[in-house]
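Computed from heavy atoms alone, side chains included, the values below leave out hydrogens, waters and symmetry copies. A quick note: this is a predicted structure, and the numbers were derived from the prediction, not measured.
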Amino acid sequence: MARILLVEDNEMNRDMLSRRLQRKGHDVTLAVDGREGVAMARAGAYDIILMDMSLPEIDGWAATRLLRGAPETQQVPIIALTAHAMAGDREKALEAGCDDYDTKPIELPRLLAKIDTLLARDA
Amino acid sequence: MTDFATFRGPLTPALAGELRHELRTPVNHIVGYTEMLLEDAAGPEAADRRRALGETLAATREVLALINRALPSTQATLGADVVDALFASLAAPQQRITRTVEELLAAADHDAGDTYAQDLRKILQAAARLVPARAQPAPGAPAAGGAADARPSTGPARILIVDDDEGNRDVLGRRLEREGYGTQSAEDGRRALALLAEQPFDLILLDVMMPELDGYEVLGRLKDSPATRDIPVIVISALDDMASIVRCIERGAEDFLTKPFDPVLLRARINASLEKKRLHDQELEYIRQVGRVIEAATAVEQGTYRAGTLGDMARRDDALGRLARVFDGMAAEVHAREERLRARLRELREDIGIARNSREMPVVLDGGALEVGRRFAERYDIRTTVGKGGMGTVYRAYDRELDEEVAIKTLRPELMTDQGLIERFKSEIRLARRISHRNVVRTHDFGEWRGVYYLTMEYVEGIMVRDLIDVRGPLHAPSALAIATQLADSLAVAHEQGIIHRDIKPQNLLLDADGVLKVMDFGIARLAERASALTETGLVVGTPAYMSPEQLLSEPIDGRSDLYAVGVVLYECLTGRLPFDGGSPVSLIAKVLSQEPEAPIALTPDMPPALSALIVRLLAKRPEDRVQTAAELGGLLRQIA
């Protein structure tokens, strides 16, 4: 069981993914935009952050950079999620400080595997 | 955010990325919720559900493949047609998703707290986002390139849902909205009628069992009102007995569905009803447009038509458009022709005005049978003598019985000695009285009073064409054409009734102050011929100058003989001369029979060449070489510019 922060502006994405992750036994907290995501990440203790890239206020890349810049969140693994999925997006995400990258539509087993890998790395 | 429903043009990499995002997001929703529902669908009793959800996932994967293929992740600019093609290709799998999930939803309990139903609705919502409105085909219609859109072309069809049950209204409304229809709900019949009075609807879904006004009553009122009569009504009711179905159909319902209904069936019936209404509306519109053409035709007749009135219709590319174009062209031509005629008439009126002012008036005539100032035949007050001819004298008189002015023509007594001749004359007058035309002087009566035979006729205050030519000299083409056109019109009517004038000449043509021509002496020319024969002194009535060769030869004649005379009158009007001018009647007749006339244009070079040629044709020796009918002559005269 991991404590996951899901930063996602799309309500249906939030609803669907949070429920699916909860079904797999994870504890999911939700943030609806980049600013809230950064604030909540710094305030709480999360094992992993799932970060949508297309976010209002502060987008996923900027939020990731902010989190990497803050000592309390520097080490928290971040997986970038995007439906955009254009060539170069993955590099851009990794460059911003994400640990991994996944595309929507989410293939849950693949995402779960990535989460497990990152959690195992930090364990 | 780009609105891809209306977007046109090439896709830059940024736009392509945005569209990928726009489309992969709902795909993500559908996959996520469907997989969750699949996880829940355990056990043998959920086999159908698993199969349906599996189909949904398969269709969604197809959607994803289409998106990835059309919008590759490489950074390249894509063609303008990519978006339309993509949306068109997505329509079919999208419809499969929608249909499958709707069926699952219809089979589910509609409990508001039911997560299963809620998730199915979310899938439907996501599926609706896959194809924006512009490319979304009509529900039930085949995907791209399929049959015509069933909805009215003016936007999504508007459906009124009338049901007292809130849940029913909600479910139905949301389902129809998802399919791209506009909906509005009414909770009872009264509210429905109020809404219908305010807004247009394309279709009504009507529940039967409602408080106050039930469905039957609403249906009756809808079908009674011309404003709502044509809106198709599908009755949806829990009542499924034959009697209530029959009752609804009898009251004009388009269709009937019993609850719980199959959504696929509902969609099919909505589409069928809307298609029928669309065709009906199209028909009505067509009839309305045809009505405009008829209105325009009336306007042309009344002279109020303005060219281009049917301009919008003329732009249609169907048969109606063709009709409008042809009509508009014809109307413009008629208008131009009428303008020409009006101009001719104006010129003629000026000529008449000048001629009347300069004419030496009045010609004093006496020696007639009647006395000016006396009453004749106990009915007519004789006012003045207006003319004298071979047959007798013409008087202007006041008819006390009819309270109007008339012309009285007395006939020389020596013409009236033969009873057989009198009878024939009477019958010719009866025939001539049948002609009713604005260009013909009406003959009223033939009578005898104390040994005086007389004719009464319409009195026309005017001037004879004879006087006009004598006073004005040669007329300009417009004036001559105005006279000849009216003359041809009057002859067309007479000839149609089998009446030949036989004595068309400027003395028999009267013009009133407005330039309206009145042809006199229809039906009495034969008498004139007889008078000529009877006159020992050789008094010439109906000078041979206007007579056709066949008439001079006493051969059988027809209307074409009158047309010859029109040619002579026109010739004289335009040149001031007769085509054949002989010193004596004998030499004149010889010329008429054997010589070709000089073309009038040789004498009057400024006349339209077509007019000169037409006159020469009218003067042909053989009737078959002339213009054949007066109606045809009228048409030819009108065409001369």
Looking at every non-hydrogen atom in both residues, tell me the closest pair between [X] and [Y] and how far apart they are.
{"X": "B:N28", "Y": "A:K104", "answer": "ND2-CD, 3.6 Å"}
{"X": "A:R20", "Y": "B:G32", "answer": "NH1-CA, 3.6 Å"}
{"X": "B:G17", "Y": "A:H84", "answer": "O-CD2, 3.3 Å"}

Distance (rounded to the nearest 0.5 Å) between [X] [atom1] and [Y] [atom2]:
{"X": "B:K122", "Y": "A:M16", "atom1": "NZ", "atom2": "CE", "result": "10.5 Å"}
{"X": "B:N68", "Y": "A:T103", "atom1": "CG", "atom2": "OG1", "result": "8.5 Å"}
{"X": "B:D119", "Y": "A:R19", "atom1": "CG", "atom2": "CZ", "result": "4.0 Å"}

| remark: Whatever's closer than 4.5 Å to a heavy atom in chain B on A:N13 counts as both
| Heavy atoms from other residues, nucleotides or ligands near CD of B:E177 exceed 12 (cutoff 6.0 Å) |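 Result for CD/B:E177: enclosed.
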| Got a sec: does the CD of B:E166 have more than 12 other heavy atoms crowding it under 6.0 Å? |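 Count not over threshold, so no.
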| said: Report which part of B:P26 has an atom under 4.5 Å of a heavy atom belonging to chain A: side chain, backbone, both, or neither. | reply: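 Interface part for B:P26: neither.
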| task | For the pair B:R20 and A:D89, find out whether any cationic side-chain nitrogen is under 4.0 Å from an anionic carboxylate oxygen. | result |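 Answer for the salt bridge query: no.
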| query | Under 4.5 Å, heavy atom to heavy atom, which residues of residues 35-60 of chain B contact chain A? | reply | B:E35, B:M36, B:E39, B:D40
